[in-house]
Amino acid sequence: EAGVVAAGQSTTEYKENNIVDTRGCGVLLREKTQARFERNKVSGLHVNGFQAGDDSDAFLLRNRTEGCEGSGIVIYDRATGNFFSNEIERTKLAGVGIRDSAEPIFNSNIIKNCSGSGLVLTGEARGVYSGNIISHNECTGIGLTGDVHALFDGNTVSHNAAYGVWLQDRVRSTFQENVIEGSGMSGMSVNQDADPVVHHNTIRDGLSHGILVHGAAKGHFTANYISGNKSSNILLTGTSSGIFERNTVWGSPGGGVLIREKSTCSIVANTIERNARANLAVLDEGSPLVLRNVIQDGDGRGIVVTGNGGGEFTENYLCSHALAGVYVGGDSAPWMYYNVIASSGASGLVVEDAAKGKFSHNSICGSSCAAVALQGTSQPELHNNTVLHGGRGGIWIGERAGGVVKGNMVEQGEKAWRVGKNVTAVVDMKTSAVEEVQSMIRQMREGFIDGPIQRAPSTEDRVVLVNNPGDILRCNSDVSLGFSRVPSDPASKGESGWMSKTRSPSPEDGVFQRCPSIANDSLPNMQVPQGSLTIASPQHA
């Protein structure tokens with residue numbers, strides 16, 4: 001049974017009615033009705049509040065539905081319609097459910113305090129969803145399953161107990177200009193074969209990960225601001241292969257970008273900064289492309305590659321990390337070339353354990369310890385790198401290290417080379433005059449001016465290349481690589497600044513220090529809570 005039924009081709013207007021405790025649904029819209037409902041209240045023990053099915057094309061404005069045993073609004077079959085400024089609250093299942101081939105325009109609605117998820121789309125649902133507030137629901141804020149192709153623009157998805165946004169199956173939807181914040185689980189979870197477009201969203205302050213991509217999921221993530229998420233800002237697992245481009249990723253206590261399992265995602269032209277542990281880490285068998293990023297100002301290391309990780313890392317700028325700029329361990333074997341690694345609190349590049357890998361044409365300068373440290377039984381290939389060490393150590397090779405170290409340009413000096421007695425590496429211990437090394441760094445600098453040293457306008461910081469003789473490189477040269485900050489930034493100077501040297505190890509502490517690079521809970525439960533994407537079944541008159 002239904003409190004109100006609008007059917008046929010009716011265009012009746014219903015205003016300021018109070019519909020309470022019907023046995024089925026409060027309002028049933030069917031056939032080709034174009035009825036208009038404005039400022040009505042539907043409440044009580046009915047299953048669903050408003051139901052729109054068949055080919056209905058209704059207009060709902062400023063209605064309120066609360067306390068349903070099922071969902072507040074269910075749109076199904078081939079229904080379209082306009083739903084503006086309605087309020088849905090305290091439903092037992094999803095606040096709003098869109099299913100089948102329905103295609104509504106859903107704008108400026110409030111969905112809150114529901115026992116299920118806020119907004120759920122299934123089947124082949126379409127539509128435009130903009131300016132809605134979806135908050136404080138006990139499951140997921142927005143959940144999409146099936147073959148959903150929809151546009152989500154300018155919504156606020158706030159403080160939902162599970163995921164902010166959950167995508168699975170073959171979802172191909174677009175998310176732009178949304179704010180997703182305070183999620184109990186990941187801010188956005190992309191699963192199975194989902195392949196969304198995610199552009200210029202803010203995803204912040206969640207209790208788990210900011211963006212989680214796993215399974216065989218893809219996706220194109222551009223110009224998003226991802227910050228302050230507890231476990232990490234971005235976690236990529238499974239065989240995922242998404243593209244992350246021109247995002248700003250900062251301020252997570254668990255790490256910036258974490259790539260695990262067999263993910264082959266591409267990380268291109270992002271700014272990754274001020275994350276604890278590691279700004280970017282590759283574990284397990286991850287093998288990403290990491291290209292033309294600015295990676296800076298970390299409490300731990302800049303880039304970590306360990307486990308059986310690999311990948312290609314090129315034309316990145318790494319600066320101002322409390323520990324090593326780049327750490328390579330385990331049985332990993334990355335390929336790193338044409339990167340700049342500057343102002344590391346420990347060594348610029350550390351290769352240890354049984355790691356291998358190829359490292360060529362990188363510039364390493366301003367390290368607090370030896371610029372390059374090869375330890376353990378590592379067997380890397382180091383060719384044609386430029387090392388400016390300022391007397392703190394050039395390339396140091398431990399007792400059991402192997403590999404090939406040839407053709408590198410190392411600044412002259414007493415500490416330019418240190419090679420252990422039992423080293424099996426093939427080593428060409430040449431040094432170069434400071435002027436030659438500076439010339440090479442000048443060429444690298446010129447190559448970066450129109451390259452990765454740029455930033456989306458996401459914070460008050462501004463990244464530039466500066467001439468600051470004697471500061472970063474501690475040498476008399478008009479060529480120095482460094483970052484300049486906006487004068488109003490309190491982290492730009494002083495002992496209490498972001499990169500206070502009191503936290504950096506000294507050369508006497510050893511070439512490197514072990515410390516956690518990732519959060520222990522970096523692989524979360526990646527299942528949506530049972531029943532959280534349930535839409536109430538349509539009720540019939």
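Bear in mind that the values here come from a model prediction, so they are computed numbers and not experimental data.
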Please check this pair: side chain of [X] against backbone of [Y], looking for a donor-acceptor N/O pair closer than 3.5 Å.
X      : Y      : value
Ser378 : Pro380 : no
Asn107 : Ser130 : yes
Ser208 : Met185 : no
Asp57  : Thr80  : no
Asn178 : Gly154 : yes

Criterion ring pair (Phe, Tyr, Trp, His ring centres under 6.0 Å) on Phe59 and Phe84, from CA distance to verdict:
CA-CA 8 Å; Phe59 188 95; Phe84 289 95; 5.8 Å; yes

For [X] and [Y], which heavy atoms make the closest approach, and how far apart are they?
X      : Y      : value
Thr140 : Asn160 : C-CB, 4.3 Å
Ala278 : Val304 : CB-CG2, 3.9 Å
Asn339 : Glu315 : OD1-N, 3.3 Å
Ala194 : Val190 : CB-CG1, 3.7 Å
Lys356 : Val328 : O-CG1, 4.5 Å
Ile180 : Met188 : CD1-CE, 4.2 Å

Once you round to the nearest 0.5 Å, how far does SG of Cys265 lie from CG of Leu236?
4.0 Å

Could you give me the CA-CA distance, side-chain angles and deciding distance for Ser344 and His321, then say whether side chain to side chain donor-acceptor pair (under 3.5 Å) is met?
CA-CA 5 Å; Ser344 302; His321 291 93; 5.5 Å; no

Can you label the angle between the Tyr225 ring and the His200 ring as parallel, tilted or perpendicular, going by 30° and 60°?
perpendicular

Salt-bridge test for Glu87 and Lys112: reply yes if a basic N is under 4.0 Å from a carboxylate O, no otherwise.
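Yes.
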
With the threshold set at 4.0 Å, does a side-chain nitrogen-carboxylate oxygen contact exist between Arg260 and Asp284?
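Judged by the 4.0 Å cut-off on N to carboxylate O distance, Arg260 and Asp284 do form a salt bridge.
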
Please tell me whether His361 and Tyr337 form a close aromatic pair, meaning their ring centres lie under 6.0 Å apart.
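No, they do not, as the ring centres are separated by 6.0 Å or more.
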
Could you check Asn63, Ile110, Ile111, Ile134 and say which one makes a side-chain contact (heavy atoms from CB on, under 4.5 Å) with Ile88?
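Only one of Asn63, Ile110, Ile111, Ile134 forms a side-chain contact (heavy atoms from CB on, under 4.5 Å) with Ile88, namely Ile111.
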
List the steps, then state whether salt bridge (charged side-chain N to carboxylate O under 4.0 Å, His left out) holds for Asp193 with Arg170.
CA-CA 5 Å; Asp193 296 306; Arg170 298 159 300 282; 5.9 Å; no

